[in-house]
Amino acid sequence: MQASRARLFKEYKEVQREKAVDPDIQLSCDDSNIFKWTALIKGPSETPFEGGVFQLAFSVPEQYPLQPPQVRFLTKIFHPNVHFKTGEICLDILKNAWSPAWTLQSVCRAIIALMAHPEPDSPLNCDSGNLLRSGDVRGYQSMARMYTKLAAMPKKG
């Protein structure tokens, strides 16, 4: 557990330094628990998520970095690789392709990349995966944009 704490403190310091470098990711640690983190990520440009800000919850195991963190969306998102109700994310690096070289910051970058490039063949959200697999990109983008406006954009006035 000491090794995981040391690693997380190191990542915390790096996050503080990189805030200006990566404006698309705001990663923060729970004040009372170094194993609980949250992130605010900006939806990638030229996607239906553009303009949205999405909150992620990280639960870091005591075996970190040998085991991956559990990450889920707290903000509702219409995406084939995200479970609509639980926010669970289907991403290989969070499962069998994890490497201790990954950091919480790089996991956020991988999630942003997944938002821009969905994998409809391994869907957690079948409705969204089916739209893409059937070639209805317009229908998928329309639904994703609608949920982004409803859940991830600041309310006006």
Side-chain angles (χ1 to χ4, degrees), residues 1-129 132 144 147-155:
M1 186 158 102
Q2 283 305 98
S4 59
R5 273 184 204 279
R7 165 71 181 258
L8 287 168
F9 278 119
K10 182 179 174 219
E11 287 192 37
Y12 178 78
K13 286 179 189 161
E14 283 174 23
V15 164
Q16 299 309 311
R17 270 199 310 271
E18 284 185 24
K19 274 187 176 161
V21 178
D22 202 341
D24 293 342
I25 301 169
Q26 286 182 344
L27 197 54
S28 57
C29 171
D30 184 299
D31 290 339
S32 61
N33 186 347
I34 190 85
F35 295 100
K36 299 281 182 216
W37 292 63
T38 55
L40 294 174
I41 58 173
K42 290 184 181 170
S45 58
E46 297 178 34
T47 72
F49 311 109
E50 184 173 10
V53 176
F54 299 84
Q55 188 175 15
L56 302 172
F58 286 76
S59 181
V60 182
E62 290 185 1
Q63 296 80 11
Y64 182 82
L66 300 177
Q67 287 184 355
Q70 287 184 310
V71 188
R72 64 187 184 91
F73 275 88
L74 295 178
T75 308
K76 289 277 183 234
I77 182 171
F78 187 78
H79 188 285
N81 309 112
V82 180
H83 191 285
F84 190 74
K85 285 193 167 75
T86 66
E88 178 191 350
I89 303 166
C90 180
L91 183 59
D92 60 353
I93 63 151
L94 295 175
K95 308 271 189 288
N96 56 351
W98 174 255
S99 157
W102 286 92
T103 63
L104 301 182
Q105 184 94 358
S106 60
V107 167
C108 288
R109 284 192 202 102
I111 291 169
I112 291 171
L114 181 69
M115 289 169 76
H117 305 284
E119 295 285 342
D121 292 331
S122 62
L124 282 173
N125 179 331
C126 292
D127 293 336
S128 134
L132 286 173
Y147 278 104
T148 298
K149 284 181 180 160
L150 288 172
M153 290 183 161
K155 308 288 181 267

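The aromatic rings of Trp98 and Tyr64 sit tilted, their planes meeting at an angle between 30° and 60°. Classification of the Tyr147-Phe84 ring pair by plane angle, with boundaries at 30° and 60°, yields perpendicular.
At distances below 3.5 Å, not a single donor-acceptor pair connects side-chain atoms of His117 with backbone N or O atoms of Ile112. A donor-acceptor contact shorter than 3.5 Å links the side chain of Glu50 to the backbone of Glu46. Using a distance-only test at 3.5 Å, with no hydrogens or angles considered, no donor-acceptor pair links the side chain of Asn81 to the main chain of Ile89. The main-chain N or O of Gln55 is found under 3.5 Å from a side-chain atom of Thr75 such that the two form a donor-acceptor pair. Counting only distance, with no hydrogens or angles, the side chain of Asp24 and the backbone of Pro44 share no donor-acceptor pair below 3.5 Å.
You'll find the side chain of Met115 reaches within 4.5 Å of the side chain of Ile41, heavy atoms only. Residues Thr148 and Ile77 have side chains not in contact (no heavy-atom distance under 4.5 Å, counting atoms from C-beta outward). Annotation: side chain of Leu104 is not in contact with side chain of Val71 (no heavy-atom distance under 4.5 Å). The side-chain heavy atoms of Val82 and Leu124, taken from C-beta on, include no pair separated by under 4.5 Å. Between Trp102 and Ile93 the shortest side-chain heavy-atom distance falls below 4.5 Å. Inter-residue side-chain proximity for Lys76 and Leu150 is flagged as unmet; no heavy-atom pair is nearer than 4.5 Å. Thr86 places none of its side-chain heavy atoms less than 4.5 Å from the side chain of Arg72. Taking the side chain as every heavy atom from C-beta outward, Ser4 and Phe35 approach each other to under 4.5 Å.
Taking Ser45 as the reference, nothing meets the side-chain hydrogen bond (donor to acceptor under 3.5 Å, both in side chains) condition, with sequence neighbours excluded.
Minimum heavy-atom separation, Ser128 to Pro80: OG-N, 2.7 Å. What you find for Leu94 and Pro69 is that their closest heavy atoms are CD2-O, 3.8 Å.
Phe9 CZ to Ile34 CD1: the interatomic distance, rounded to the nearest 0.5 Å, is 4.0 Å. Taken to the nearest 0.5 Å, the CG atom of Leu66 stands 9.0 Å off from the CZ atom of Arg7. Note that CZ of Arg17 is 14.0 Å distant from CG of Asp22, once rounded to the nearest 0.5 Å. Leu74 CG to Phe54 CZ: the interatomic distance, rounded to the nearest 0.5 Å, is 12.5 Å. If you take CD on Gln26 and NZ on Lys42, they are separated by 7.5 Å, rounding to the nearest 0.5 Å. For the atom pair Lys10 NZ and Thr103 OG1, the distance stands at 9.5 Å (nearest 0.5 Å).
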Q.
Does Phe58 form a side-chain contact (heavy atoms from CB on, under 4.5 Å) with Thr38? I'd like the steps, not just the answer.
A. CA-CA 6 Å; Phe58 286 76; Thr38 55; over 6 Å; no
Q | Verdict with reasoning, Asp30 to Trp37, per side-chain contact (heavy atoms from CB on, under 4.5 Å) | A | CA-CA 6 Å; Asp30 184 299; Trp37 292 63; over 6 Å; no
Q. Step by step, would you call Leu8 with Val60 a side-chain contact (heavy atoms from CB on, under 4.5 Å)?
A. CA-CA 9 Å; Leu8 287 168; Val60 182; 3.9 Å; yes
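Within a 6.0 Å radius of CD in Gln70, other residues, nucleotides and ligands contribute 12 heavy atoms or fewer. For Lys85, the NZ atom counts as loosely surrounded, since its 6.0 Å shell holds 12 or fewer non-hydrogen atoms of other residues, nucleotides or ligands. Dense packing is recorded around CG of Asn33, with more than 12 heavy atoms of other residues, nucleotides or ligands lying under 6.0 Å away.
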